[in-house]
Amino acid sequence: MRGVETLVRVNGRVSPGERVVVVSDLYLERYARLVAAVAQKEGAEVVRCEIAPRQKDGQEPPSPAAAAMRAADVIFSPVRFSITHTRAMREALDAGARAILMTAYTDDILRSPALLDTDFEAQSAVCRRIGAVLGAGDALRLTSPRGTDLRFSIRGRKANILTNVPEAGELAPVPDIEVNVVPLTGTAEGRLVADASIPYLGIGLLTEPVVCTVEGGSVIKIEGGDQALVLAEELQSHGDPLCYNVAELGIGLNPNARLTGEMLEDEGVLGTIHIGIGTSHTLGGEVMAPTHYDLLMSDPTIEVDGTVIQRGAEIFV
């Protein structure tokens, strides 16, 4: 309950009279009930939408739930498969909602120091400094000791600053804290070596690297062992080249997060970055694909216009 109360009161900042919509499925219905109960205690008008479990991440919620989301001040989404990278979520954000994302939540996340011990407000300053650098930058280069060397343009892109204390129109994938930016479509070139986690499709913590060759803004080859094969077969199954689009660079900034194989904690681990492939539309890009999966690597070095802004867990802005 302490974790639920943190989500509602600290991250959601739910206040009396606000319209709160909780979208859940039968797998995470227990968390939906707890969130709704705490939000009601805060004086909110709460609507719960229990939807049939989605078959995959990124599948649209049904239209009645989407309509409720558009009318919400605050959205909580305890669902097994993500509804984050959907048109319904984008429309809700554009209408002024703030969203607390609870994809694949577990009791362990609700008990995690990443949620309970993190001063989310205190981290916001470094998030905004990094966001300012990315927003003013032109060229980004990402390297790592395992062999990553990826370059792309970010000219004109606005960084998404996920302090997890969201304002209207912002996402909060709690307890992840991150800043992300969308590469200009078609500009990514090089090599990505994911060695930390792919917290989707049952892959989780990586036992061997997943190596992606990138040309013309898309992943053209995926190499590695059995875990790489799971990712490759899933992407191929859609028959849509947009699934391979290099959609995001995300920088983890939660000092209390640890790699667990669960998306919402892994992606906030300080000293890791993730490259998202597939949909970029929800994050401010142009591409709407059937999927969005994040590949995490450790010990990154990030250069913006030739200046190093991060090396490992050290931030230089």
Side-chain angles (χ1 to χ4, degrees), residues 23 25 27 51-62 65-66 69 77 79-93 99 101-105 150 152 160 162 171 173 176 178 180-186 188 192 194 196-206 210-224 226-250 261-264 266-267 273-297:
V23 182
D25 57 31
Y27 294 108
I51 65 175
R54 304 293 84 186
Q55 296 177 332
K56 60 188 178 182
D57 293 300
Q59 184 179 357
E60 294 289 330
M69 292 164 64
S77 61
V79 288
R80 185 174 184 178
F81 293 104
S82 173
I83 59 170
T84 303
H85 297 283
T86 60
R87 290 185 177 87
M89 185 63 78
R90 182 68 263 166
E91 290 171 1
L93 296 174
L101 308 177
M102 298 177 63
T103 304
Y105 246 58
L150 187 65
F152 50 81
N160 298 296
L162 306 184
L171 296 167
D176 173 22
E178 70 171 84
N180 65 58
V181 67
V182 177
L184 285 187
T185 303
L192 169 70
S197 169
I198 299 178
Y200 302 85
L201 305 171
I203 297 173
L205 300 178
L206 292 175
V210 174
V211 181
C212 298
T213 303
V214 177
E215 290 183 6
S218 295
V219 174
I220 64 165
K221 183 188 294 186
I222 300 174
E223 299 172 283
D226 291 342
Q227 292 171 309
L229 184 62
V230 170
L231 177 65
E233 290 181 344
E234 157 65 14
L235 295 174
Q236 187 177 27
S237 72
H238 294 279
D240 188 336
L242 296 180
C243 291
Y244 298 90
N245 172 59
V246 177
E248 172 194 8
L249 167 76
E262 299 290 345
M263 175 184 63
L264 291 180
D266 283 14
E267 295 184 5
I273 66 89
H274 51 275
I275 293 293
I277 56 175
T279 289
S280 65
H281 177 70
T282 315
L283 302 175
E286 301 80 24
V287 174
M288 194 70 195
T291 57
H292 179 103
Y293 298 124
D294 293 311
L295 286 63
L296 276 78
M297 53 165 272

Residue pair [X] / [Y]: nearest heavy atoms and the distance that separates them:
X      : Y      : answer
Arg54  : Phe81  : O-CD1, 2.9 Å
Glu286 : Ser280 : N-OG, 3.3 Å
Pro61  : Met69  : CG-SD, 4.2 Å
Gly261 : Asp266 : N-OD2, 3.0 Å
Gly278 : Val287 : O-CG1, 3.8 Å
Pro183 : Phe152 : CB-CD1, 3.4 Å

Kindly compute the distance separating [atom1] ([X]) from [atom2] ([Y]), expressed to the nearest 0.5 Å.
X      : Y      : atom1 : atom2 : value
Lys221 : Glu215 : NZ    : CD    : 9.0 Å
Met297 : Ile198 : CE    : CD1   : 13.0 Å
Leu249 : Leu283 : CG    : CG    : 11.0 Å
Leu171 : Leu162 : CG    : CG    : 6.5 Å
Leu242 : Thr185 : CG    : OG1   : 9.5 Å
Ser197 : Glu267 : OG    : CD    : 8.0 Å

Between the side chain of [X] and the main-chain N/O of [Y], is any donor-acceptor distance below 3.5 Å?
X      : Y      : value
Glu178 : Asn160 : no
Asp25  : Ile51  : no
Thr213 : Ile220 : no
His292 : Thr279 : yes
Asn180 : Glu248 : no
Thr103 : Val79  : no
Ser82  : Thr84  : yes
Glu60  : Ala88  : yes

Does any part of the side chain of His85, heavy atoms only, come nearer than 4.5 Å to the side chain of Pro290, both counted from C-beta? no

Contact check, side chains of Pro53 and Arg80, non-hydrogen atoms, under 4.5 Å: no

Between Glu234 and Tyr200, is any side-chain donor less than 3.5 angstrom from a side-chain acceptor? no

Show your working on side-chain contact (heavy atoms from CB on, under 4.5 Å) between Gln236 and Tyr244 and close with a plain yes or no. CA-CA 9 Å; Gln236 187 177 27; Tyr244 298 90; 3.9 Å; yes

Out of the candidates Ile277, Leu295, Leu235, Val211, only one should pair with Ile222 under the side-chain contact (heavy atoms from CB on, under 4.5 Å) rule; please name it. Leu235

